[in-house]
Amino acid sequence: MATLLHKILEQKLQEAVSIVLGDAGAAALLVRPCPDPKFGDYQTNALMALAKARKMNPRQLAAEVAAKLDIAQWCEPVEVAGAGFLNFRLKPSALAQALREAADGRHLFFQKTSEPRCVIIDFSSPNAAKPMHVGHIRSTILGDALARVLRLLGHHVITDNHIGDWGTQFGKLLVGWKSHLDPERLRANPIEEMERLYKLVNAQCESDPQVLENARQELVKLQAGDEENLRLWREMIALSQTQFEWVYARLGVKFDYSLGESYYQPMLKKVVDELAERGLAQPSEGAMMVYFEDLPELKDHPAMVRKSDGGFNYTTTDLATLLFRWQGGTWSVRPNEIIYVTGAPQQLHFKQLFAVFRRWHSEAHVKLAHVWFGSVLGEGGKPFKTRSGETVRLEDLLDEAEERALKVVSAKNPDLDQAQRGEIARVVGLGAIKYADLAQNRQSDYVFSWDKMLALQGNTAPYLLYAYTRIRSIFRKGGESVTGGEGEFVLAAPEELALARHLLNFGLVLDAAAEDYRPNFLCEYLYELAGHFARFYENCPVLKSEEANRATRLGLCDVTARVLKQGLGVLGIETTEQM
RNA sequence: GCAUCCGUAGCUCAAUUGGAUAGAGCUUCUGACUUCGGAUCAGAAGGUUGGGGGUUCAAGUCCCUCCGGAUGCACCA
């Protein structure tokens with residue numbers, strides 16, 4: 001049995017409360033780390049809320065619950081403080097036991113959920129026939145990190161890339177492909193050529209209505225199943241897919257499914273027919289609309305599910321997709337939850353989507369979450385563009401990250417051979433980009449800064465990776481005889497205790513990050529962990545210390561390295577032994 | 001006009017069911033090197049959390065209002 005102390009405390013608190021209040025009504029009694037170590041290791045403020053709801057004296061309730069708490073095995077006597085806080089102080093033996101278990105590989109301060117859920121995560125979603133750009137990075141990195149966290153916690157995660165492979169852009173692309181295609185350029189760089197064609201025709205459409213009309217007709221033919229157009233479309237999709245896979249491989253991102261918009265086209269008519277039959281959708285100005293008179297937020301924002309020209313739009317496609325997923329897709333498992341990771345501007349769309357679906361299938365017990373995020377801005381707070389005003393290509397961005405990281409590594413560590421430096425630069429560069437994004441509250445707009453993300457100070461990937469390499473260096477230097485330590489942990493120095501206490505909270509933070517879809521909690525935790533380690537490292541010699549201290553300190557180093565590696569790994573960031 | 005989101009130190013950002021003294025990094029200043037990797041650590045300075053009102057034992061967080069900004073709002077996705 002793993003000793004996960006905060007879980008034990010929560011359990012015991014629950015038991016004590018039900019003894020005192022005589023019922024199990026106490027929903028979630030959370031125990032969390034104290035904001036200030038002087039109060040203790042863990043606290044709960046839940047009793048104050050509980051007392052309030054029952055019109056009881058909070059301090060008295062806290063005292064009564066404290067009297068029934070059966071935790072002497074792990075804690076010093078509990079204190080009632082302030083308006084009704086309970087403060088817990090761990091016994092050194094409990095701390096030592098948890099660390100010993102972790103050092104022995106029995107756990108890493110977290111446990112898998114007792115209630116695994118099936119969660120579908122929809123993220124990245126680039127448009128076919130266009131290069132992936134910086135706008136896709138947040139969705140991709142955030143979605144991947146969430147998938148990894150949920151999987152680590154034992155959930156059944158299905159990732160699905162809803163590629164934009166059926167939009168109106170294909171009308172223009174078909175016109176371009178048929179009249180301006182340069183086979184040489186297509187061979188050399190298919191995406192660039194398709195982008196060139198699209199831009200060319202798009203510009204022509206501005207000035208020449210005839211070209212626009214041609215594009216419309218090509219689109220209609222494609223959607224009607226014209227063989228020639230379908231063949232060209234498939235070719236374009238295949239070329240795009242190759243590019244996507246290359247970028248995803250570089251980022252270390254994998255999808256279980258990539259069912260694009262086109263996959264759902266055969267289902268769209270039925271969606272609208274059903275909505276119409278059930279009176280949920282009504283005709284208006286030739287289009288089909290769903291109104292939400294009873295929802296104040298959406299009262300003035302009806303959703304369109306069919307255009308006046310008879311065509312369907314993205315709400316229709318998303319409804320079909322949602323139904324398909326809820327019914328178990330091709331994987332035959334009904335999800336408990338579906339998560340969409342997209343930008344903030346789509347909030348209204350998802351509110352409409354979810355509202356329509358709830359009416360359409362009110363029997364569906366599935367949690368629908370729109371995990372939205374802010375924009376990536378350039379320095380100065382304006383949209384992030386290249387000097388010439390173009391959107392930044394994702395591949396160029398990754399290249400530049402590695403180049404910049406290589407310069408730093410080469411300057412700091414010129415002794416390493418070129419191949420090693422290249423590999424370190426890859427890990428550090430990609431890690432820096434991912435971490436800079438994930439470390440931020442996703443809902444804020446994010447100011448992209450090379451200097452900040454590659455800095456060795458502050459809450460950055462290089463700082464964390466450096467902490468990791470310092471630990472690994474100890475074990476390298478100590479030789480093969482040096483393991484993660486043995487025997488009982490004897491924690492004495494304040495830096496040892498602070499590090500140990502912080503290690504214990506890894507699981508709590510993983511849970512919080514998963515619960516709120518916010519990897520920045522985990523980043524914050526890892527940054528603090530690296531800080532605690534740095535202070536420990538500064539003040540507590542490991543290899544040079546005497547045998548008694550040495551075993552404990554080696555153990556702390558080992559466990560810290562494992563939490564760092566696991567924590568970064570679950571953010572999609574690799575580690576490196578040297579840098 | 002309607003809706004959503006945001007406003008925290010000079011700058012970039014945190015702040016876990018509303019919780020105890022709002023925290024980091026950068027910048028500035030001051031310290032610690034015969035380094036288990038100094039790509040480090042310690043200390044100082046920096047705040048009326050946009051303004052005002054309200055709820056609460058407790059508000060950056062919830063409610064109202066005003067100011068300022070971003071985004072979206074029927075035939076693009």
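Within every chain, numbering begins at 1; the chains are lettered A, B, ... in the order of the sequence lines, protein sequences first and strands thereafter.
- Enclosure of atom CD in A/Glu546 is not indicated, since only 12 or fewer non-hydrogen atoms of other residues, nucleotides or ligands lie within 6.0 angstrom.
- To the nearest 0.5 angstrom, A/Cys523 atom SG is 11.5 Å from A/Asn441 atom CG.
- Within the nucleic acid shown, A/Val542 comes within 4.0 Å of at least one base atom, counting heavy atoms only.
- Nucleotides B/C62 and B/G47 have their C1' atoms positioned 23 Å apart, rounded to a whole Å.
- An aromatic stacking contact between A/Tyr466 and the base of B/G37 is absent, as defined here by ring centres under 5.5 Å apart and ring planes under 30° from parallel.
- Applying a 4.0 Å cut-off to non-hydrogen atoms, the residues of residues 523-540 of chain A that approach RNA chain B are A/Glu524, A/Tyr527, A/Ala534, A/Arg535, A/Tyr537, A/Glu538, A/Cys540, listed by residue number.
- As judged by a 4.0 angstrom heavy-atom cut-off over every strand, A/Lys299 is placed among residues making no nucleic acid contact.
- Across the protein-nucleic acid pair, A/Lys412 atom NZ and B/U35 atom C1' stand 15 Å apart, rounded to whole Å.
- On the P atoms, B/C63 is 15 Å away from B/G19, given to the nearest whole Å.
- Counting non-hydrogen atoms under 4.0 angstrom, A/Asn441 reaches the backbone sugars and phosphates but no base.
- Taking atom OH of A/Tyr463 as the reference point, atom C1' of B/C13 lies 17 Å away to the nearest angstrom.
- Listed pair A/Gln443 / B/C5 fails the phosphate criterion, with no side-chain N or O lying under 4.0 Å from OP1 or OP2.
- Rounded to whole Å, the separation between the C1' atoms of B/U61 and B/G54 comes to 15 Å.
- Atom CG of A/Asp451 is separated from atom P of B/A39 by 18 Å (rounded to the nearest Å).
- Residue side chain A/Ser284 reaches the base of B/A74 through a donor-acceptor N/O pair under 3.5 Å, judged by distance alone.
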- Report the secondary structure of RNA chain B in dot-bracket form, marking unpaired bases with a dot and bases paired to a different strand with |, and treating Watson-Crick or G-U pairs with both distances under 3.5 Å as paired. (((((((..((((.....[...)))).(((((.......))))).....(((((..]....))))))))))))....

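- Contact annotation for A/Asp445: backbone-only contact, meaning every heavy-atom pair under 4.0 Å involves sugar-phosphate atoms and none involves a base.
- Here the side chain of A/Ala46 is nearest to one of B/U17, B/C57, B/G37, namely B/U17.
- Nucleic acid contact for A/Gln578: base, since at least one base atom lies under 4.0 Å from a heavy atom of the residue.
- Across all strands, A/Asn45 comes closer than 4.0 Å to base atoms (heavy-atom distances).
- A perpendicular orientation is assigned to the rings of A/Phe448 and A/Trp450, their planes being inclined by more than 60° (bins at 30° and 60°).
- Distance A/Trp372 CH2 to B/C5 P: 7 Å, rounded to the nearest Å.
- For the atom pair OH (A/Tyr264) and CG (A/Leu319), the distance works out to 12.5 Å, reported to the nearest 0.5 Å.
- Here the closest non-hydrogen pair linking A/Asp445 and A/Ser375 is OD1-N, 2.8 Å.
- Between the CZ atom of A/Phe350 and the C1' atom of B/A3 there is a distance of 17 Å, given to the nearest Å.
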- Worked check of salt bridge (charged side-chain N to carboxylate O under 4.0 Å, His left out) between A/Glu195 and A/Lys199: CA-CA 6 Å; A/Glu195 190 189 24; A/Lys199 284 184 175 168; 3.6 Å; yes

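- No contact: A/Ser545 has no heavy atom under 4.0 Å from any strand.
- Shown here is A/Glu515, whose CD atom has no more than 12 heavy atoms of other residues, nucleotides or ligands within 6.0 Å.
- Summarising the geometry, the separation between CG on A/Asp415 and P on B/A39 is reported as 13 Å, rounded to the nearest angstrom.
- Taking every side-chain heavy atom of A/Glu297 into account, B/A3 is the closest of B/G19, B/A3, B/A74.
- Rounded to whole Å, the separation between the P atoms of B/G53 and B/C11 comes to 26 Å.
- Residue A/Ile474 has its side chain nearest to B/C36 when only B/G19, B/A74, B/C36 are considered.
- Going from the P atom of B/A9 to that of B/G60 covers 14 Å, rounded to whole Å.
- Atom name P, nucleotides B/G7 and B/G50: the rounded distance is 7 Å, in whole Å.
- The residue A/Asn57 sits apart from the nucleic acid: no heavy atom pair falls under 4.0 Å.
- When the side-chain nitrogen and oxygen atoms of A/Arg476 are compared with OP1 and OP2 of B/G37, none of them lie within a distance under 4.0 Å.
- Interatomic distance, A/Glu79 CD to A/Arg89 CZ, rounded to the nearest 0.5 Å: 5.5 Å.
- At a threshold of 4.0 angstrom between heavy atoms, the contacts of A/Pro345 are confined to the sugar-phosphate backbone, with no base atom among them.
- The gap from the C1' atom of B/U12 to that of B/G18 amounts to 27 Å, rounded to the nearest Å.
- To the nearest whole angstrom, the two P atoms, one in B/U16 and one in B/A22, are 14 Å apart.
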- Task: With ring-ring contact (aromatic ring centres under 6.0 Å, His included) as the test, would you mind laying out the steps for A/Tyr525 and A/His502 before giving the verdict?
- Result: CA-CA 8 Å; A/Tyr525 169 84; A/His502 195 74; 4.4 Å; yes

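- Contact annotation for A/Thr168: backbone-only contact, meaning every heavy-atom pair under 4.0 Å involves sugar-phosphate atoms and none involves a base.
- Note on A/Arg306: nothing from the nucleic acid sits closer than 4.0 angstrom, heavy atoms only.
- Between A/Gln43 and B/A20 there is no side-chain polar atom (N or O) within less than 4.0 angstrom of OP1 or OP2.
- Of the listed residues (A/Phe533, A/Tyr435, A/Tyr527), just one forms a ring-ring contact (aromatic ring centres under 6.0 Å, His included) with A/Tyr463, and that residue is A/Tyr527.
- Residue A/Ser444 places at least one side-chain N or O closer than 4.0 Å to OP1 or OP2 of B/A14.
- Among the heavy atoms of the strands, none lies under 4.0 Å from A/Glu515.
- Counting any heavy atom pair closer than 4.0 Å across all strands shown, A/Ala81 reaches a base atom.
- Between A/His162 and A/Tyr340, a ring centre-to-centre spacing not shorter than 6.0 Å is recorded.
- Atoms CG and CZ, on A/Asn505 and A/Phe109 in that order, are 9.5 Å from each other to the nearest 0.5 Å.
- For B/G38, one of the phosphate oxygens OP1 or OP2 lies less than 4.0 angstrom from a side-chain nitrogen or oxygen of A/Arg470.
- No side-chain donor from either of A/His6 and A/Asp41 sits under 3.5 Å from a side-chain acceptor of the other.
- What separates CG of A/Asn520 from P of B/G25 is a distance of 18 Å, to the nearest Å.
- Taking the nucleotide of RNA chain B with the nearest heavy atom to each of A/Met304 and A/Lys52, the more 5' of the two is matched to A/Lys52.
- For A/Lys452, no side-chain nitrogen or oxygen approaches OP1 or OP2 of B/U12 to under 4.0 Å.
- Taking atom OH of A/Tyr291 as the reference point, atom C1' of B/C73 lies 14 Å away to the nearest angstrom.
- At a threshold of 4.0 angstrom between heavy atoms, the contacts of A/Gln169 with the nucleic acid are absent.
- Taking every heavy atom of both residues into account, A/Gln43 and A/Pro35 meet most closely at NE2-CD, 3.3 Å.
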